[in-house]
Amino acid sequence: MELKVFDNYHLLSHAAATRIVGQIRKKPDALLCFASGDTPKLAYQLAAEMVKSEQVDVTQCYFIGLDEWLGITPDNTGSCHYFLQRYLIQPMNIPAARVHLFNATLEDEEAECTKMDRLIAERGGIDLAIVGVGMNGHIGFNEPGTSTQTLAHVISLDEITKQVGQKYFTETTAVNKGITVGLKQLLHAKELLLMANGLKKAGVMKRVVEGEASKHFPASLIRQHQNGTVMIDSEAASELETQYQ
Ligand code: F6R
């Protein structure tokens, strides 16, 4: 795992955006997996600007959404679907046929998981996954304790995730379960990029980088990933003892 610390959120976001666009240039038919949430928002906006200004061909890529709140409709502004459409897919003008986001309103949740698993397997795995980290160490909705062997699955959300998740919704919304790409698929991604920013993530990042690498704090497993990169700003790095440049 490589650790990169940036002076501020803008520089961190610019570096992540460059990585996303670089991946598309390197492998035009790459399978890219994207988290939603506050952390990657600016990176996606900057990546979309780069794609436009540099006229990068994105028509051959496959875009998948990392996760979704179960039962939340795509038009809900708090849904991962809405976020990814608004900040990434529409600004980049990705053809709909190349986008696969979990539909978390279908009764047959297993079929949704199977569809995602099949797409990832058919493409030979994820080429680049961009993930954030939850206050409980989750990546995607792989909550603490999730097996490292999981493929896409439905999961009961941790209390912390339910509470913190309210920030995405305009009104109090009951979210009890999530659907997510599994830890196995993320840990086998050819490149795994974890982003975090702000003082509120400092304690979390200390555990990710310097705590025990364990499924009980899933993001810490990135340390076992050969092509894992942790990109954080100086605030999120403020509790680290590890030396970095
Ligand atoms: C969202 C997701 C979550 C978030 C994490 C951090 O699709 O997968 O794991 O990445 O909860 O959220 P923010 O970035 O809002 O702090």
Side-chain angles (χ1 to χ4, degrees), residues 9-10 12-13 16-17 20 32-46 63-70 72 74 76-89 99-104 112-113 116 126 128-146 150 152-170 173 175 177-183 185-187 189 192-205 207-208 215 217-222 228-233 235-237:
Y9 177 58
H10 193 278
L12 158 68
S13 302
I20 294 167
L32 306 160
C33 176
F34 295 100
S36 52
D38 292 335
T39 313
K41 195 186 272 184
L42 180 58
Y44 295 167
Q45 289 170 319
L46 294 174
F63 275 53
I64 60 174
L66 176 57
D67 48 13
E68 187 58 278
W69 308 98
L70 212 68
I72 299 298
N76 185 317
T77 55
S79 69
C80 300
H81 186 115
Y82 183 92
F83 176 96
L84 290 174
Q85 283 291 351
R86 176 168 177 186
Y87 294 106
L88 188 68
I89 295 161
V99 176
H100 186 75
L101 307 177
F102 284 117
N103 182 340
E112 261 317 272
C113 294
M116 185 62 90
I126 297 168
L128 172 64
I130 308 285
V131 300
V133 53
M135 298 306 289
N136 62 356
H138 73 200
I139 45 176
F141 282 144
N142 293 282
E143 300 286 29
T146 302
T150 45
H153 61 284
V154 170
I155 187 162
S156 292
L157 297 172
D158 193 84
E159 283 309 316
I160 297 178
T161 303
K162 289 185 204 174
Q163 281 164 25
V164 177
Q166 293 305 315
K167 69 177 175 170
Y168 304 120
F169 298 96
T170 50
T173 304
V175 282
K177 287 185 173 183
I179 182 166
T180 184
V181 168
L183 269 187
Q185 290 155 324
L186 294 173
L187 296 173
L192 178 59
L193 170 52
L194 183 148
M195 300 175 69
N197 69 291
L199 282 177
K200 67 176 185 299
K201 292 280 172 75
V204 170
M205 290 317 302
R207 285 187 72 180
V208 170
K215 67 175 186 178
F217 207 71
S220 64
L221 296 169
I222 194 170
T229 310
V230 169
M231 284 190 179
I232 56 180
D233 69 357
E235 290 190 344

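Whatever order the structure lists them in is the order used to number ligands and atoms, beginning at 1. A quick note: this is a predicted structure, and the numbers were derived from the prediction, not measured.
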Specify whether H138 and F141 have parallel, tilted or perpendicular ring planes, treating 30° as the upper limit for parallel and 60° as the lower limit for perpendicular.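 Because their plane-to-plane angle is over 60°, the rings of H138 and F141 count as perpendicular.
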Anything under 30° is parallel, anything over 60° is perpendicular, the rest tilted; go ahead and classify Y44 against F83.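 Taking F83 first and then Y44, their aromatic rings stand perpendicular (interplane angle over 60°).
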Go through ligand 1 atom by atom and flag the ones less than 4.0 Å from a non-hydrogen atom of [X].
| X | result |
| --- | --- |
| K167 | 13 (P), 15 (O), 16 (O) |
| S36 | 1 (C), 7 (O), 10 (O) |
| G132 | 10 (O) |
| H138 | 3 (C), 5 (C), 9 (O), 11 (O) |
| L66 | 8 (O) |
| Y168 | 12 (O), 13 (P), 15 (O) |

Identity and distance of the protein heavy atom lying nearest atom 14 (O) of ligand 1: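 Nearest protein contact, heavy atoms only, for atom 14 (O) of ligand 1 is T39 OG1, 2.4 Å.
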Check A196 against M205 and note the closest heavy-atom contact, atom names and distance.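 Smallest interatomic distance, heavy atoms only, reads CB-SD, 3.6 Å.
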Search all heavy atoms of V181 against all heavy atoms of N142 and return the closest pair with its distance.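 Closest heavy-atom pair between V181 and N142: O-ND2, 2.9 Å.
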Is there side-chain contact between K215 and T146, with heavy atoms separated by less than 4.5 Å?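 Counting from C-beta outward, K215 and T146 never come under 4.5 Å.
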Check: L101 and P74 side chains under 4.5 Å, non-hydrogen atoms: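 With C-beta onward as the side chain, the pair stays apart.
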Using a 3.5 Å distance criterion without hydrogens, assess whether the side chain of N136 forms a donor-acceptor pair with backbone atoms of I160.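 It does not hold such a pair.
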Should we count NZ of K162 as having more than 12 external heavy atoms under 6.0 Å?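 Yes, because the 6.0 Å sphere around NZ of K162 holds more than 12 heavy atoms from other groups.
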Any idea which part of K201 is under 4.0 Å from ligand 1, heavy-atom wise: side chain, backbone, both or neither?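 Side chain only; the backbone of K201 stays clear of ligand 1.
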How does V133 reach ligand 1, by side chain, by backbone, by both or by neither, if only non-hydrogen atoms under 4.0 Å count?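 Contact part for V133 vs ligand 1: backbone (N, CA, C, O).
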Taking the minimum heavy-atom distance to atom 8 (O) of ligand 1, which of I130, N136, D67, V164 ranks first?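 Result: the heavy atom closest to atom 8 (O) of ligand 1 is in D67.
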Between G140 and ligand 1, does any nitrogen or oxygen pair lie at a separation below 3.5 Å?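 G140 vs ligand 1: N/O contact under 3.5 Å present.
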